[in-house]
Amino acid sequence: MNSSNSGNVGIVIVSHSPKIAEGAADMVRQMVGSAVPLAWTGGDIDGGLGTNVAGILEAIETAWSPAGVAVLVDLGGAETNSEMAVEMLPEDRRARVVVCNAPVVEGAVIAATESSGGSPLAAVKRSAEEFYA
Amino acid sequence: MHDAHASRPGETPVPLTASAVLVNKVGLHARPSVKLTQCAKGFAAKIELALAAGGPWTDAKSPVKVMRVKAPQGATLHFRVTGPDSKAALAAVLALVHDGFGED
């Protein structure tokens, strides 16, 4: 878990594997720098492969920014649990968190790059999703 | 942000152009692309790059598009910059390329 204080859009990485999530976060930090709030989460509550809503909520909290948070996910449960986590957020925050339809590693780096330039949440999401465009 | 200064009355947006050879080993791969787009985003000017003087032009502020150019070491990067701070923007991106993005 690492964060950074700034007005830039926060990035949350959600993978079934904590190693993938942490490794993707390392790539973001090394390639993009520390101007972007960043958090990662991975694994189920028993420490196995999977994702859990509480962990995702915590990561969103860690990476929170007034500009919003972009969530990058890997497969199935990561996406549905992330959507569930977003629904559980206070109403004023809910609209400022988006789950991106992008590959988790590449999307995280690109989203963070976009965010580091001060782009708004919609632009960060759009940029990450360019991978599938 | 885009085209904010493109059609101001009485001002003809003549683009500034220049080129630089990619000296770093990996060319314009992931990390250099990120550095270039971060640099480009620091300016209001519209910044585009291409592998030939006639284009096709790629938005230098889009990391995905810049990576897709797949410019190798030794390639000549052409820049086309339009906007109020185009001079400074062009100098900054050229310096970054000349410097090999701070890599080998």
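Chain letters run A, B, ... following the sequence lines, proteins first and then strands; every chain starts at 1. Since this is a predicted model, take the numbers as computed values, not measurements.
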When hydrophobic residues are tied together by side-chain contacts of less than 4.5 Å, even through go-betweens, does A/M88 share a cluster with A/V86? yes
Candidates B/K41, B/Q38, B/K61 - the one meeting side chain to side chain donor-acceptor pair (under 3.5 Å) with A/E114: B/K41
Considering all heavy atoms of both residues, which atom of B/V64 and which atom of A/S127 are nearest to each other, and what is their separation? CG2-O, 3.6 Å
Measuring heavy-atom distances to chain A, does B/A30 have an atom under 4.5 Å in its side chain, in its backbone, in both, or in neither? both
Partners passing salt bridge (charged side-chain N to carboxylate O under 4.0 Å, His left out) against A/E106 (at least two apart in sequence or in another chain): none
Within this structure, what is the CE-OG distance for the pair A/M31 and B/S33, rounded to the nearest 0.5 Å? 8.0 Å
For A/R96, check salt bridge (charged side-chain N to carboxylate O under 4.0 Å, His left out) against everything at least two apart and list the hits. none
What about B/L94 and B/W57, same hydrophobic cluster or not, with Ile/Leu/Val/Met/Phe/Trp/Tyr joined at side-chain heavy-atom distances under 4.5 Å? no
